Amino acid sequence: MKAADLLVAALENEGVKQIFGVPGEENLDVVEALRRSTIKLVVTRHEQAAAFMAATHGRLIGKPGVCLSTLGPGALNLTTGAAYALLGGMPMIMITGQKGVLSRKQARFQVVDIVATMTPLTKMAHQIVSPATIPAMVREAFRVAQQERPGPVHLELPEDVAAEEAPAISPVPAHPIALPIAPPAALDRAAQLILEAERPLVMLGAAASRPLLAEALSDFVRRVQIPFFNTQMGKGAVSGGSGLYMGTAALSERDYVHRAIDRADLIISIGHDTVEKPPFLMGRGGPKVLHVGYLPATVEEVYFPHAELIGDVGPTLALLADRLEGQLPRANALLPLREQILAHIGERATESRFPPTPQRIVHDVRQVMPEDGIVCLDNGMYKIWFARNYRTHVANTLLLDNALATMGAGLPSAMMAAMLYPARRVLAVCGDGGFMMNSQELETAARLRLNLVVLILQDNAYGMIRWKQAVDGFADFGMTFGNPDFVAYAESYGLRGTRVESAEDLAPALEAAFAGGGVHLVVVPVDYSENIRVLVDELRAQAKRDEEK
Ligand SMILES: Cc1ncc(C[n+]2csc(CCOP(=O)(O)OP(=O)(O)O)c2C)c(N)n1
Ligand SMILES: [Mg+2]
């Protein structure tokens with residue numbers, strides 16, 4: 001048995017079903033061990049996509065996804081994915097090769113210090129130096145990756161260590177981990193704050209989307225009946241139909257949802273992670289904030305809670321609800337604002353101008369997605385519109401990245417969702433910029449025979465930056481580009497493509513794409529004049545009117 005076999009046995013012991021990546025010659029012993037294992041090796045066309053897929057695996061089911069690369073160039077291609085998982089709180093394991101460390105027959109060819117590179121991008125980065133350490137090291141890697149706050153872990157296996165004869169050591173079994181729950185005194189203090197509040201509001205943040213938390217959170221909201229809003233990454237954490245959803249804070253201030261936030265006197269902030277673009281800006285004199293989380297709040301200029309409840313969030317919330325249920329006559333004080341907030345958000349959602357508005361696109365996507373359908377966004381202007389306008393009813397059905405906010409993750413994250421949930425509809429929504437950053441993965445998606453629809457919003461530009469340029473009064477410069485014929489591009493991969501030619505065609509085109517199965521590209525132009533009309537002019541005018549009142 002070689003060390004590589006020991007590594008793969010340890011991965012099997014962790015329940016790993018597939019590994020994504022691009023091997024190099026330094027990984028060949030690991031590849032051979034994988035060939036003889038129950039684990040499937042899924043080669044991608046770029047390591048970045050492999051890392052985005054592995055991270056999304058962790059995000060969606062709470063267990064680390066695994067990716068693999070060679071040394072130097074391949075490992076460096078994993079770095080954006082590492083940062084994506086680190087900032088996004090997604091458990092992931094990265095395994096990279098390295099030249100031999102016991103002798104250096106190739107001198108420094110391709111050698112980059114990857115452990116040092118990965119150190120600031122991971123929770124832990126280690127080189128494996130001896131076969132006997134592998135079982136414990138792999139177990140520790142998974143424990144660290146999975147433990148709150150979840151994130152990526154890097155293991156480097158040099159080729160000579162991988163090829164070494166290894167003792168037959170059994171893998172280390174996982175031990176159950178029970179997290180502490182907030183102490184009774186802290187729960188009493190928090191309950192007191194909430195009982196005294198005149199206009200309480202719940203905010204659900206990124207950690208509220210942890211896959212195992214959905215039920216406990218929904219219970220809490222139902223039991224206390226306090227209206228809630230969410231951050232972009234907290235979207236979908238409470239199952240639908242509660243009648244208490246007030247909106248999503250896609251901007252940091254002045255959006256319609258901020259009418260409720262600004263009027264609240266207490267915000268119960270559940271699972272907020274300050275990696276997200278601030279959902280509101282704390283200042284002196286604003287609402288008090290009670291932070292509920294697995295970990296204490298990091299203090300920022302715009303976030304400095306007045307009280308905290310730290311511990312396993314689900315059980316902690318249950319204990320808090322025990323102290324509050326039926327005792328909050330003012331729980332719904334802010335609820336009367338709900339209707340007007342949601343009505344404003346819904347404007348222009350059915351207009352038939354062409355190219356369609358972002359509001360119309362979000363509306364039509366919602367129409368063709370069943371409640372449990374999963375929409376995976378890349379990064380671009382439409383992210384704000386989807387965060388703001390798309391209503392979710394099931395946890396983790398709108399996957400977006402408001403942490404690293406990298407372009408290029410839309411397609412790979414949707415591919416992972418389609419692999420994990422073959423019976424659910426999965427849609428990637430990408431700008432023409434972000435799609436082209438990892439479009440080569442269409443080949444991987446085709447090879448894996450995934451059922452997946454990719455909606456490309458074509459404006460022949462880096463629209464989001466062009467918008468910011470205009471908002472800040474700069475000249476329109478340097479943001480436009482040409483595009484391939486996306487339908488022909490899809491066909492060149494053996495896939496189907498549809499170009500939407502009228503507003504009325506969008507929903508039927510998506511419907512037909514899903515019905516046809518396989519991977520299908522749907523291309524639609526988008527009218528981004530709404531960005532300035534709504535997100536700047538209208539909101540500024542409203543804020544001014546509100547101030548004058
Ligand atoms: C990897 C990466 N590069 C650059 C950026 C900065 N950026 C954010 S949005 C954006 C434009 C996105 O363009 P596109 O994908 O076409 O979407 P659009 O905004 O046009 O809808 C850019 C360049 C980023 N977030 N990530
Ligand atoms: Mg674009």
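Numbering of ligands and ligand atoms starts at 1, following listing order. Computed from a predicted structure; not experimentally measured.
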Is there a side-chain contact between Tyr489 and Leu495 (heavy atoms, below 4.5 Å)? no

Is the cationic atom of Arg259 (NZ for Lys, CZ for Arg) positioned less than 6.0 Å from the six-membered ring centroid of Tyr256 and within 45 degrees of its normal? no

Arg425/Glu371 ion pair, N-O < 4.0 Å: no

Taking the six-membered ring for Trp, are the ring centroids of Tyr528 and Tyr382 within less than 6.0 Å of each other? no

Output, by chain and residue number, all protein N/O/S atoms separated from the Mg ion (ligand 2) by less than 2.8 Å. Asp432 OD1, Asp459 OD1, Ala461 O

Does a salt bridge link Arg496 with Glu491, judged by any charged N lying under 4.0 Å from a carboxylate O? no

Residues in ring-ring contact (aromatic ring centres under 6.0 Å, His included) contact with His258, at least two apart in sequence or another chain: none

Does Asp273 pair with Arg149 as a salt bridge, N-O distance under 4.0 Å? yes

Compute the centroid of each ring, for Tyr84 and then for Phe52, and state whether the two points are separated by less than 6.0 Å. yes

Ligand-protein N/O pairs under 3.5 Å (ligand 1):
{"residue": "ligand 1", "atom": "15 (O)", "partner": "Gly433", "partner atom": "N", "Å": "3.3"}
{"residue": "ligand 1", "atom": "15 (O)", "partner": "Gly434", "partner atom": "N", "Å": "2.7"}
{"residue": "ligand 1", "atom": "16 (O)", "partner": "Asp432", "partner atom": "N", "Å": "3.4"}
{"residue": "ligand 1", "atom": "16 (O)", "partner": "Asp432", "partner atom": "OD1", "Å": "2.7"}
{"residue": "ligand 1", "atom": "16 (O)", "partner": "Gly433", "partner atom": "N", "Å": "2.8"}
{"residue": "ligand 1", "atom": "16 (O)", "partner": "Ala461", "partner atom": "O", "Å": "3.0"}
{"residue": "ligand 1", "atom": "19 (O)", "partner": "Met381", "partner atom": "N", "Å": "2.8"}
{"residue": "ligand 1", "atom": "19 (O)", "partner": "Gly463", "partner atom": "N", "Å": "3.4"}
{"residue": "ligand 1", "atom": "19 (O)", "partner": "Met464", "partner atom": "N", "Å": "2.8"}
{"residue": "ligand 1", "atom": "20 (O)", "partner": "Asp459", "partner atom": "OD1", "Å": "3.2"}
{"residue": "ligand 1", "atom": "20 (O)", "partner": "Asp459", "partner atom": "OD2", "Å": "3.2"}
{"residue": "ligand 1", "atom": "20 (O)", "partner": "Ala461", "partner atom": "O", "Å": "3.0"}
{"residue": "ligand 1", "atom": "20 (O)", "partner": "Gly463", "partner atom": "N", "Å": "2.7"}
{"residue": "ligand 1", "atom": "21 (O)", "partner": "Tyr528", "partner atom": "OH", "Å": "2.6"}
{"residue": "ligand 1", "atom": "25 (N)", "partner": "Ala405", "partner atom": "O", "Å": "2.9"}
{"residue": "ligand 1", "atom": "26 (N)", "partner": "Met407", "partner atom": "N", "Å": "3.2"}

Any salt bridge (Lys or Arg N to Asp or Glu O under 4.0 Å) pairs touching residues 429-452, not counting sequence neighbours? Arg45-Glu443, Glu443-Arg447

